[in-house]
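One-based numbering, in listed order, for ligands and for the atoms of each. Numbers here are sequence positions counted from 1.
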Amino acid sequence: MCGIIGVSGIRDAAHLAYLGLYALQHRGQESAGIVAIDETGQARAHRGMGLVSENFEESSLSRLPGDVAVGHTRYSTTGSTVLANAQPCSANTRCGPLAIAHNGNLINAGELKRELVEQGAIFSSSSDTEVLVHLIARSDAGNIEDQIRDALEQVDGAYSLIIAAGRTLYAVVDSRGFRPLVIGRLGDGMVAASETCALDLMGAALACELQPGDFVRIEDGQVTHLRRLKPRPVSRCVFELVYFARPDSMVFGESVDRVRREIGRQLARQSPAPTAEVVFSVPDSSNAMALGYSEVSGIKLEYGLIRNHYVGRTFINPSQNLRVAKVKIKFNPVRDVIEGKSVVVVDDSLVRGNTSKSLVQMIRAAGAREVHLRLGSPPITGPCHYGIDTPTREELIAATHSVEEIAEFLEVDSLSYLSLEGMLRAAGPQTGYCHACFSGQYPTAVPEELVQLRHASPLVATPV
Ligand code: AMP
């Protein structure tokens with residue numbers, strides 16, 4: 001998963017993109033980058049590993065002049081965690097500089113890359129996005145818009161893209177609409193972002209949310225809708241609403257906060273915990289869910305777990321005698337809230353089960369009498385191939401264990417998952433959500449190599 005930003009027609013565009021990326025930090029912490037294009041059409045880039053705050057300072061931003069910019073925060077789903085894969089992905093083509101920020105995952109990138117390499121193409125990264133750069137650059141269509149369309153007709157999977165071609169910005173969402181993308185207006189200029197929380201920080205007003213298959217040109221303060229991509233059944237990622245997006249964002253036309261509260265209410269109706277005295281969330285993604293659970297059940301809402309917000313990615317594993325569970329660095333229980341009580345803990349999802357197992361141990365050690373775990377989504381039984389970083393099927397605890405076995409493993413007094421119907425009801429009146437990781441109903445064919453090589457960096461060349 002990634003966060004993407006575009007700026008058009010605004011002075012010091014890189015500074016604004018930097019602000020936007022800050023608001024999208026939750027969508028990717030592995031690397032951050034900005035490409036800015038100046039008034040003469042010259043593109044300059046700065047990318048680095050780690051957080052936005054670790055990568056940019058006044059001096060690096062001032063070396064990115066121009067009123068057009070594209071920005072990216074990365075969370076890898078294909079390709080390894082190396083600087084070469086940091087985005088925006090950029091190149092000089094016969095049509096001028098091209099910079100692409102991609103959120104999603106192309107499912108046929110491996111196959112396309114092999115064909116391109118066969119034809120003599122040279123790749124400098126293992127990211128699927130570079131395949132797109134090649135396809136655009138090599139297209140023999142008559143103009144850049146047709147070249148982009150030509151490339152998009154060859155790729156399959158999930159892509160929300162912001163593309164700078166020369167000084168013109170393009171934004172596009174694949175026909176299934178897996179990932180969000182919004183456009184905002186700021187003075188005489190325009191911005192684009194993965195989530196509305198970035199528009200808020202940039203001071204832009206929401207102009208529109210791109211719909212599945214939308215392809216727009218952003219130039220001179222205008223958004224021009226180009227011919228839409230070939231329609232396909234809509235397949236918005238429901239996990240954006242459950243876990244990924246920030247609650248202060250509107251995603252797919254829904255308030256993320258509203259959806260999460262409703263998930264909590266549905267959970268309380270479907271899976272009450274009659275003996276419990278307090279309910280609390282695993283912060284932060286399930287805060288609103290615990291609120292909804294408390295509202296319907298009448299169980300008192302408390303802050304039972306405190307999250308350390310300063311953990312960062314660069315955490316150094318302590319030496320053997322200081323080794324503590326990583327989860328202990330991130331969360332600590334509030335003994336005064338928990339001691340002697342029967343508690344309901346609300347979390348959005350269970351993946352491998354490791355975090356939750358440690359959390360339950362911690363909560364018991366803080367004196368809980370009973371621990372009832374409630375999850376705001378159904379069991380995750382399959383990997384995501386569309387941009388969420390999930391492990392292989394074998395590592396997903398719900399793929400190989402029953403709910404009873406998982407409850408036993410986690411050592412909880414009771415465990416309930418929200419049903420698929422309950423989650424979709426909470427997501428709102430729209431239909432057309434992708435819930436493949438929960439239901440196994442994948443909206444595309446999934447190439448066998450993607451299934452086999454999930455997380456083994458299928459696009460990385462083997463060193464010789
Ligand atoms: P675990 O207990 O190891 O199964 O991890 C579950 C926790 O991981 C939950 O608190 C979720 O909020 C969080 N989570 C769910 N999906 C992801 C993801 N794709 N990346 C990182 N964390 C996630």
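- Per-residue contacts place Ser285 under 4.0 angstrom from the following atoms of ligand 1 (heavy atoms of the residue considered): 12 (O).
- Ion pairing between Glu295 and Arg265 holds under the 4.0 Å rule for side-chain N and carboxylate O.
- Close approach to Arg352 involves these atoms of ligand 1, each under 4.0 Å from a residue heavy atom: 1 (P), 3 (O), 4 (O).
- The proximity of Phe239 to ligand 1, defined as any non-hydrogen pair under 4.0 Å, is limited to the side chain.
- For Leu181 against Leu161, the heavy-atom pair with the smallest separation is CD2-O, 3.6 Å.
- Nearest residue to atom 21 (C) of ligand 1 from Phe331, Phe244, Tyr243 is Tyr243 (criterion: closest heavy atom).
- Close contacts between ligand 1 and Ser356 involve ligand atoms 2 (O) [criterion: under 4.0 Å to a heavy atom].
- Ion pairing between a basic and an acidic side chain is recognised when a charged N comes within 4.0 Å of a carboxylate O; Arg258 and Glu262 show no such pairing.
- Set against the non-hydrogen atoms of Leu350, the atoms of ligand 1 under 4.0 Å away are 2 (O), 4 (O).
- Residue contacts with ligand 1 for Asp347 involve side-chain atoms from C-beta outward but no N, CA, C or O (heavy atoms, distance under 4.0 Å).
- At a 4.0 Å cut-off, at least one heavy atom of Ile388 sits close enough to ligand 1 to count as contact.
- Residues His385 and Tyr442 bring their aromatic ring centres within 6.0 Å.
- For Tyr75 and Phe244, the gap between ring centers is short of 6.0 Å.
- More than 12 heavy atoms of other shown residues, nucleotides or ligands fall within 6.0 angstrom of atom CD in Gln270.
- For atom 1 (P) of ligand 1, the closest non-hydrogen atom of the protein is Gly353 N, 3.3 Å.
- With a 4.0 Å heavy-atom cut-off, ligand 1 is reached by the backbone of Val351 and by its side chain too.
- Side chains of Arg260 and Ser281: no donor on one and acceptor on the other come within 3.5 Å.
- For the atom pair CE (Met289) and CG (Leu375), the distance works out to 9.5 Å, reported to the nearest 0.5 Å.
- Heavy atoms of Tyr75 come nearer than 4.0 angstrom to ligand 1 in at least one pair.
- For ligand 1, the polar-atom distance check against Thr390 finds no nitrogen or oxygen pair separated by under 3.5 Å.
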